[in-house]
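Worth knowing before you read on, the calculation uses all heavy atoms, side chains too, and leaves out hydrogens, waters and symmetry mates. Every chain is numbered from 1 and lettered A, B, ... according to where its sequence line falls, protein lines coming before strand lines.
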Protein chains: 2
Amino acid sequence: MSLKYGMLGLLSKWEATGYDIKKEFDDFMSIFWHTHLSQIYPELSKLEKEKLIESKMIPQNGKPDKKLYSITDAGRKELYQWLEAPSETPNVKDSFLMQTFFMDNLSLEDVLFQLKHYQKQREARLEKLKQTLYEQWQMIKEKNEFSTRLLMSSAVLKRGLDQEEEYILWCKRTIEFVESLEYLWNLEESNDCATINEVEEAFYRYFEVEDLDELKN
Amino acid sequence: MSLKYGMLGLLSKWEATGYDIKKEFDDFMSIFWHTHLSQIYPELSKLEKEKLIESKMIPQNGKPDKKLYSITDAGRKELYQWLEAPSETPNVKDSFLMQTFFMDNLSLEDVLFQLKHYQKQREARLEKLKQTLYEQWQMIKEKNEFSTRLLMSSAVLKRGLDQEEEYILWCKRTIEFVESLEYLWNLEESNDCATINEVEEAFYRYFEVEDLDELKN
DNA sequence: GCTGACATGTAACCCGTTACATGATTCC
DNA sequence: GGAATCATGTAACGGGTTACATGTCAGC
């Protein structure tokens with residue numbers, strides 16, 4: 001349902017082709033959404049049928065003709081209504097966390113490998129976002145202007161950066177946590193169980209609390 | 001694709017009915033996945049056809065008969081293969097961030113309202129997770145045992161808590177950021193633009209950097 | 001000569017959601 | 001009497017992904 005509004009939102013700023021829209025989704029908007037050209041084109045047709053957007057054909061030389069879409073008043077109204085409506089917290093789908101949840105089935109080495117590998121992936125994403133921030137800020141400095149548009153996109157960019165940084169930090173801390181309780185993997189083989197006292201400290205350190213009651217505020 | 005492995009993962013620990021599986025997804029596993037009974041039942045049939053799980057009917061008095069599923073050796077193998085495979089970083093879909101991205105279309109009041117409203121939603125989720133952590137820890141203390149199973153589920157729980165805390169913090173900081181640049185909304189009406197100097201400080205404060213070059217490490 | 005950017009689409013398929021359908025028991 | 005819990009499913013629909021299909025031009 002959000003794809004529709006993402007497209008209306010973009011067309012509320014500029015006229016664009018399906019191809020242009022895809023590039024925005026792949027670039028900055030990839031922080032919060034992604035889609036495919038094969039989804040965009042039918043959706044554009046649908047929105048045009050609903051009179052929320054309209055199009056004109058632009059012939060080009062050396063390149064294929066393109067269909068330039070623009071938003072209508074009805075489309076703007078629809079967009080504003082969605083923007084004002086409170087949005088529910090999305091149901092996350094994080095397959096890496098699902099893997100992690102069942103990783104007690106793996107050997108200690110495999111667990112650590114998976115965590116370190118995933119951390120690297122997240123680090124690569126963080127670098128890309130930092131690059132985006134740098135470019136955006138340079139663009140602002142050149143143009144010497146700052147608008148509410150740039151304010152809100154900076155907020156989204158900050159969220160993207162935070163998210164990556166936090167995931168990386170969690171990977172690091174979880175690696176330490178797992179390593180500090182390494183011996184649990186050996187116990188498992190002998191069908192034995194660790195006692196609480198040996199674990200308590202590592203647990204509190206990992207959760208950054210002093211004791212249990214701290215959670216009850 | 002991950003639902004399959006979530007179900008296999010659960011059945012690798014206990015025998016369960018479709019109904020039991022749904023409860024797990026609604027409870028702890030909601031940190032990283034969610035699904036519906038109407039998706040679980042057909043998926044169970046499919047997995048049984050593929051010989052990854054098998055079932056037996058359990059007649060009950062006072063309650064409907066139930067179909068208790070258990071994992072097969074082939075199912076275990078399939079699960080372990082998935083666990084060992086590196087997982088790609090998921091493509092996020094965050095409709096609130098999408099809204100935020102286009103919120104320059106709203107009035108300052110509406111922007112602040114949306115941010116504050118969403119923050120409250122996240123705070124409610126955080127409280128629920130803290131409760132889960134408290135309960136899990138109490139259970140561990142009672143049983144006086146700690147296993148790799150509990151270790152990995154603690155890691156996932158920690159990630160859930162961090163995520164909520166970080167989102168809440170981002171909401172707070174973004175509210176401050178928006179408020180500190182309040183006057184941009186008034187400029188917009190007069191088709192004017194703010195100059196860079198007036199904005200630079202607020203921007204650096206929000207992104208927690210000293211200057212631009214700090215991003216280039 | 002090949003890859004990638006530009007440009008638009010269709011078709012098949014899979015996954016996920018909502019609605020429909022049934023029926024007993026327990027608790028308020 | 002009504003809602004919630006236990007328990008299993010089907011059907012319709014909508015959203016998202018992969019594969020297929022076509023064609024030009026620029027740069028390596």
Side-chain angles (χ1 to χ4, degrees), chain A residues 1-8 10 14-27 29-30 32-50 53 55-69 82 88-95 98, chain B residues 1-8 10 15-27 29-30 32-50 53 55-69 82 87-95 98:
Chain A
M1 202 67 285
S2 297
L3 174 66
K4 172 181 168 180
Y5 297 105
M7 287 166 57
L8 285 176
L10 281 178
W14 323 281
E15 298 188 319
T17 66
Y19 198 84
D20 294 334
I21 290 170
K22 170 64 170 148
K23 273 190 293 178
E24 291 296 319
F25 273 94
D26 283 347
D27 189 36
M29 291 169 82
S30 65
F32 55 80
W33 211 263
H34 77 112
T35 183
H36 301 263
L37 276 170
S38 55
Q39 203 183 0
I40 289 172
Y41 288 121
E43 190 67 29
L44 281 169
S45 305
K46 211 181 116 197
L47 291 177
E48 194 172 21
K49 241 179 254 161
E50 291 170 24
I53 59 175
S55 67
K56 52 187 174 204
M57 286 296 286
I58 310 280
Q60 296 185 115
N61 49 347
K63 285 179 193 173
D65 292 357
K66 63 181 184 180
K67 227 169 164 178
L68 200 65
Y69 286 92
W82 173 73
E88 337 77 74
T89 308
N91 292 308
V92 273
K93 300 221 161 174
D94 186 328
S95 56
M98 187 184 270
Chain B
M1 201 67 287
S2 297
L3 174 65
K4 172 182 168 180
Y5 297 104
M7 287 166 58
L8 285 177
L10 281 177
E15 298 187 319
T17 65
Y19 198 83
D20 295 334
I21 289 170
K22 170 65 171 147
K23 274 191 293 179
E24 291 296 319
F25 273 95
D26 283 347
D27 188 35
M29 291 168 83
S30 66
F32 55 80
W33 211 263
H34 77 113
T35 184
H36 301 262
L37 275 171
S38 56
Q39 201 183 2
I40 290 172
Y41 288 120
E43 190 67 28
L44 281 170
S45 304
K46 210 181 117 198
L47 292 176
E48 195 172 21
K49 239 179 256 162
E50 292 171 23
I53 59 175
S55 67
K56 52 186 172 203
M57 286 297 285
I58 309 282
Q60 294 185 115
N61 48 347
K63 284 179 193 171
D65 292 357
K66 64 181 185 181
K67 227 170 164 177
L68 200 64
Y69 287 92
W82 174 72
S87 82
E88 337 76 75
T89 308
N91 292 307
V92 273
K93 300 220 162 175
D94 186 329
S95 56
M98 188 184 270

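Put simply, CZ on A/Phe32 and CG on B/Asn91 are 13.5 Å apart, with the number rounded to the nearest 0.5 Å.
Across the protein-nucleic acid pair, B/Met7 atom CE and C/dC15 atom P stand 12 Å apart, rounded to whole Å. The NZ-C1' distance, from B/Lys23 to D/dA7, rounds to 11 Å in whole Å. Remark: C1' of C/dT8 and NZ of A/Lys56 are 19 Å apart, rounded to the nearest angstrom. Taking atom CD of residue A/Glu48 and atom P of nucleotide C/dT8, one finds them 12 Å apart after rounding to whole Å. Summarising the geometry, the separation between CD1 on B/Ile40 and P on D/dA7 is reported as 14 Å, rounded to the nearest angstrom. Put simply, OH on B/Tyr5 is 15 Å from C1' on C/dC15, counting in whole angstrom units. Following rounding to the nearest Å, B/Gln60 (CD) and D/dA7 (C1') show an atom-to-atom distance of 8 Å.
Taking every heavy atom of both residues into account, A/Pro90 and B/Asp94 meet most closely at CG-OD1, 4.4 Å. B/Phe25 and B/Met7 get closest at one heavy-atom pair: CE1-CG, 4.2 Å. Looking at every heavy atom in both residues, A/Ser95 comes nearest to B/Trp33 through N-CZ3, 4.0 Å. Nearest heavy-atom pair, B/Ile53 versus B/Leu8, reported as atom, atom and distance to 0.1 Å: CG2-CD2, 3.8 Å. Nearest heavy-atom pair, B/Ala16 versus B/Ile21, reported as atom, atom and distance to 0.1 Å: CB-CG1, 4.1 Å. The minimum heavy-atom distance linking B/Tyr5 with A/Met98 is given by the pair C-SD, 4.5 Å.
In this structure the side chain of B/Gln39 reaches within 4.5 angstrom of the side chain of B/Leu3, judged on heavy atoms.
Partners of B/Leu37 under the side chain to side chain contact (heavy atoms under 4.5 Å, CB included) rule, at least two apart in sequence or in another chain, are B/Tyr19, B/Lys22, B/Tyr41. Residues meeting the side-chain hydrogen bond (donor to acceptor under 3.5 Å, both in side chains) test with B/Glu48, sequence neighbours left out: B/Ser55. The side chain to side chain contact (heavy atoms under 4.5 Å, CB included) check on A/Lys66 picks up A/Thr17, A/Ile58, A/Gln60, with sequence neighbours excluded.
Axis orientation changes by 40° from one end of the helix from C/dG1-D/dC28 to C/dC28-D/dG1 to the other, with each end axis drawn from 5 pairs and the value rounded to 10°.
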Seminar exercise, completed: Its contact letters, B for base, S for sugar-phosphate only and - for none at protein heavy atoms under 4.0 Å, make nucleotides 8-16 of chain D read BBBB---SB
Can you tabulate the close N/O pairs, meaning under 3.5 Å, that link protein atoms to atoms of nucleotides 22-27 of chain C?
none

